[in-house]
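Computed from a predicted structure; not experimentally measured.
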Amino acid sequence: MRTINISLQEIFNEIPSEKREETRLSFAISNRLDALMKEKGLNKKQFADALGKRPNEITRWLSGEHNFTLATIAMLSTFFEKPIISVE
């Protein structure tokens, strides 16, 4: 049996830079949502109820793998009365 000696860094380097940036931004948004929920004292169910969403959708948002639309980001910014992202 042959073994493959590929380091984690080699695997990481093969991921296109735009995909790495997309992942970084997705996790940054989910971390921001989590922080804002904690700031307001909301758990997933309370947050979902306040937005008219199902808790499993909130779970997807917080997973860091959800592809947010601008409409959703705007809705969330309005709900929290704080920016979710900033564009410079």
Side-chain angles (χ1 to χ4, degrees):
M1 174 184 241
R2 290 177 53 179
T3 60
I4 300 173
N5 293 324
I6 299 175
S7 72
L8 187 56
Q9 187 61 50
E10 288 173 309
I11 293 169
F12 183 75
N13 289 340
E14 295 215 5
I15 299 170
S17 58
E18 59 273 4
K19 186 63 178 170
R20 286 191 304 241
E21 181 63 5
E22 177 185 330
T23 301
R24 186 193 69 77
L25 290 169
S26 291
F27 278 97
I29 291 169
S30 67
N31 289 341
R32 175 76 171 144
L33 288 178
D34 185 59
L36 290 170
M37 286 171 57
K38 286 178 181 166
E39 195 175 287
K40 278 198 170 227
L42 298 171
N43 63 33
K44 289 180 196 176
K45 174 133 177 45
Q46 292 166 327
F47 186 42
D49 290 345
L51 296 176
K53 304 287 183 185
R54 287 187 239 140
N56 65 344
E57 186 168 0
I58 304 307
T59 298
R60 279 195 310 273
W61 289 359
L62 297 174
S63 74
E65 298 178 15
H66 184 74
N67 189 10
F68 289 93
T69 65
L70 290 175
T72 301
I73 291 171
M75 180 267 300
L76 292 167
S77 293
T78 301
F79 175 81
F80 286 114
E81 299 178 334
K82 293 185 176 183
I84 301 301
I85 60 172
S86 65
V87 179
E88 298 175 30

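- Residue-environment remark: CG (Leu70) stays at or below the threshold of 12 foreign heavy atoms within 6.0 Å.
- A distance of 11.5 Å separates CG of Asn56 from OG of Ser63, quoted to the nearest 0.5 Å.
- When side chains are defined from C-beta on, Phe68 counts as touching Leu76, because their heavy atoms get closer than 4.5 Å.
- For the pair Glu10 (side chain) and Ser7 (backbone), a donor-acceptor distance under 3.5 Å is present.
- Here the straight-line distance linking atom NZ of Lys53 with atom CZ of Arg60 works out to 10.0 Å at 0.5 Å rounding.
- Here the side chains of Glu65 and Ser30 are not in contact, with every heavy-atom distance at 4.5 Å or above.
- Counting heavy atoms of neighbouring residues, nucleotides and ligands inside a 6.0 Å radius, atom NZ of Lys40 exceeds 12 of them.
- The CG atom of Asp34 sits 14.0 Å away from atom CD1 of Ile29, with the distance rounded to the nearest 0.5 Å.
- In this structure, Pro55 and Ala48 approach most closely via the heavy-atom pair N-CB, 3.7 Å.
- A 4.5 Å side-chain heavy-atom check between Ile58 and Leu33 finds every atom pair outside the cut-off.
- Classified by interplanar angle (parallel below 30°, tilted 30° to 60°, perpendicular above 60°), the ring pair His66/Trp61 is tilted.
- Atom CD of Glu14 and atom NZ of Lys19 lie 16.0 Å apart (nearest 0.5 Å).
- Nearest heavy atom pair, residue Asn13 against residue Arg20, reads CA-NH1, 3.9 Å.
- Annotation: side chain of Phe47 is not in contact with side chain of Leu62 (no heavy-atom distance under 4.5 Å).
- Hydrophobic clustering of Ile, Leu, Val, Met, Phe, Trp and Tyr side chains at less than 4.5 Å, counting indirect connections, keeps Leu25 apart from Ile73.
- From Thr72, atom OG1 reaches atom CD1 of Ile84 across 11.0 Å, with rounding to the nearest 0.5 Å.
- Using a 4.5 Å cut-off between side-chain heavy atoms of Ile, Leu, Val, Met, Phe, Trp and Tyr, with links allowed through other members, Ile85 and Phe27 fall into different hydrophobic clusters.
- Side-chain atoms of Met37 and Gln46, non-hydrogen and from C-beta on, never get closer than 4.5 Å to each other.
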